[in-house]
Trainee: 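Input: one structure, supplied below.
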Amino acid sequence: MKDVHNFCAGPCLLPQTVYEQAAQAILNFEQTGMSILSISHRSKEFLTVLEEARQLSLELLDLHKKGYVALFLQGGASMEFLRIPYNLMQQKAGYINTGTWSTKAIEQAKMFGEVKVIASSEDQHFSYIPKGIQVEEELDYVHFTSNNTIYGTQFNDVPQTKAPLVCDMSSDIYSREFAYDQMDLIYAGAQKNIGPAGVSLILVKEEILGKTTRTIPQMLDYQEHIAKDSLYHTANVFAIYTCLLNLRWLKQQGGVAAIEKVNNQKAALLYETIDRLDFVHGVTAKTDRSKMNVTFTFEEEQMNTVFDQLCQEANVVNIKGHRSVGGYRASLYNAVTLASVEVLTGVLQQMKTRV
Ligand code: PMP
């Protein structure tokens, strides 16, 4: 496994030690003689796991003493596109459209009230982040996507607004320091920097809930999930346990500040290489480049075949761009090592002699 350089956009690479501990827990979970796959979600063993995971998920972002609650729910980030307006929309919400996932969130919100797109980068194929966003009017909430996984752009700062701020951080949560406490609801599908697919994390400030007069089905009601401590129904026990292992790993690395330094090094190396070589081009505006998803294309179509061949020889995998955009995308989530990025930049350099 160590010889393969996996740049998958998600479900993504996790640290080797997380795989090992998760595998061990399938065979014998913490010396209970039972598999983690076969313990009750209401057992004391799992309640301990869930509690630690919820606590650590907040602590690592320094949100644990600020009125936030952590929920581990199912349905992926896409379910939150729906759950958010269900819980927060009274009449009108503002959305910033920076890509495919924001667009999907907007489509869902329109079923619940008026959606005002307060800024958009659709005019240039979502290749940049709109600047100077001013939100004067009264809105129930403002929604944005901090990292555009598909096109490869990322917000440097949190947009300023008086309305509650909601953020889809699916592809950059826990990757960097950010003004987490300026956001009232942060959500993420787990399968990038949190853990495996099948569970999502919602960090919500309790004070923003309970304001809509709408009748909310229980499965979609954040307050119901909070009242039931994320156990309204059978939780994804194994995925939550693996998230906990990964969050513990992050804490051991020194937390978000420490991992951000490594993430910066990885992204800098790859972008520097792309900028130095004249036959490869970054896809997005330089100021808004994502440090998690690096997108690039080659000057000429036939170079793709050479690059694919060299990647295969070097065991560089899962690097094709999203099917809607084409080109290439290297995802540099927390568990991707600098050594893997060096292999990739080595492949790009090697292209020099082949084009
Ligand atoms: N938002 C973002 C930013 C994403 O990258 C993704 C998936 N890659 C989603 C939402 C959708 O997540 P899910 O598949 O968990 O519903």
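Counting convention: from 1, in listed order, for ligands and their atoms alike.
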Trainee: Please write down residue, atom name and distance for the protein heavy atom closest to atom 11 (C) of ligand 1.
Mentor: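 In this structure, atom 11 (C) of ligand 1 has W101 CZ3, 3.5 Å as its nearest protein heavy atom.
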Trainee: Where is the nearest protein heavy atom to atom 12 (O) of ligand 1: which residue, which atom, and how far?
Mentor: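 Going by distance alone, atom 12 (O) of ligand 1 is nearest to A77 CB, 3.4 Å.
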Trainee: Using a strict cut-off of 4.0 Å, indicate which atoms of ligand 1 neighbour a heavy atom of S170.
Mentor: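 In order of numbering, the contacting atoms are 1 (N), 2 (C), 3 (C), 4 (C), 10 (C).
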Trainee: Find out whether N293 and S171 are in side-chain contact, i.e. whether some heavy atom of one side chain is under 4.5 Å from a heavy atom of the other.
Mentor: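 SC-SC contact between N293 and S171 confirmed.
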Trainee: Identify, for atom 14 (O) of ligand 1, the protein heavy atom at the shortest distance, and state residue, atom and that distance.
Mentor: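 Ranked first by proximity to atom 14 (O) of ligand 1 is Q191 NE2, 3.5 Å.
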Trainee: Any side-chain heavy atom of T345 sitting closer than 4.5 Å to one from L270?
Mentor: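 Answer yes - side chains close enough.
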Trainee: What I want to check is whether the side chains of N193 and D172 have a donor and an acceptor closer together than 3.5 Å.
Mentor: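 The criterion, which ignores hydrogens and geometry beyond distance, is not satisfied for D172 and N193.
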Trainee: Below 4.0 Å, non-hydrogen atoms only: which portion of N148 touches ligand 1? Side chain, backbone, both or neither.
Mentor: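 Near ligand 1, N148 shows nothing, with every heavy atom at 4.0 Å or more.
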Trainee: Would you please test F46 and H41 for ring-ring contact (aromatic ring centres under 6.0 Å, His included) and show each step?
Mentor: CA-CA 6 Å; F46 181 65; H41 58 294; 7.5 Å; no
Trainee: Which protein non-hydrogen atom lies closest to atom 16 (O) of ligand 1, naming both residue and atom, and how far is it?
Mentor: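 Result for atom 16 (O) of ligand 1: S78 OG, 2.5 Å.
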Trainee: Aromatic rings F81 and W101: how do their planes relate, parallel, tilted or perpendicular, breaks at 30° and 60°?
Mentor: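 Rings of F81 and W101: tilted, as their planes differ by 30° to 60°.
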Trainee: Would you please say whether a donor-acceptor pair under 3.5 Å links the side chains of E51 and Q55?
Mentor: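 No.
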Trainee: State the atoms of ligand 1, each with its element, that fall below the 4.0 Å cut-off from a heavy-atom position in G76.
Mentor: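 By the 4.0 Å cutoff, the relevant atoms are 15 (O), 16 (O).
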Trainee: Can you report which non-hydrogen protein atom sits closest to atom 3 (C) of ligand 1, along with the distance?
Mentor: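 Going by distance alone, atom 3 (C) of ligand 1 is nearest to T149 OG1, 3.3 Å.
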Trainee: Answer yes or no: is there a side-chain heavy-atom contact under 4.5 Å between R54 and S230?
Mentor: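 Yes - at least one pair of side-chain heavy atoms lies under 4.5 Å apart.
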Trainee: Can you list the atoms of ligand 1 that are under 4.0 Å from a heavy atom of F81?
Mentor: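 Every atom of ligand 1 under 4.0 Å from some heavy atom of F81: 10 (C).
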Trainee: Show which atoms of ligand 1 fall inside a sub-4.0 Å distance from at least one heavy-atom site of T145.
Mentor: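 Those qualifying, in numeric order: 3 (C).
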Trainee: Can a side-chain donor-acceptor contact be found between H125 and S127 if the only test is distance below 3.5 angstrom?
Mentor: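 Per modelled atom types, S127 and H125 side chains form no pair under 3.5 Å.
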Trainee: Applying a 4.0 Å heavy-atom criterion (strictly less than), which segment of M79 is in contact with ligand 1: side chain, backbone, both, or neither?
Mentor: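 Answer for M79: neither.
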Trainee: When you look for heavy atoms under 4.0 Å from ligand 1, do you find them on the side chain of Y187, its backbone, both, or neither?
Mentor: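 For Y187, no heavy atom sits under 4.0 Å from ligand 1.
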Trainee: Which heavy atom of the protein is the closest neighbour of atom 8 (N) of ligand 1, given with residue, atom name and distance?
Mentor: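 Looking at atom 8 (N) of ligand 1, the protein heavy atom closest to it is K192 NZ, 2.9 Å.
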Trainee: Would you call the rings of F29 and Y241 parallel, tilted or perpendicular, where under 30° means parallel and over 60° means perpendicular?
Mentor: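 Aromatic pair F29/Y241 classed perpendicular.
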Trainee: Nearest to atom 10 (C) of ligand 1, what protein heavy atom do you find, and at what distance?
Mentor: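 In this structure, atom 10 (C) of ligand 1 has D168 OD2, 3.4 Å as its nearest protein heavy atom.
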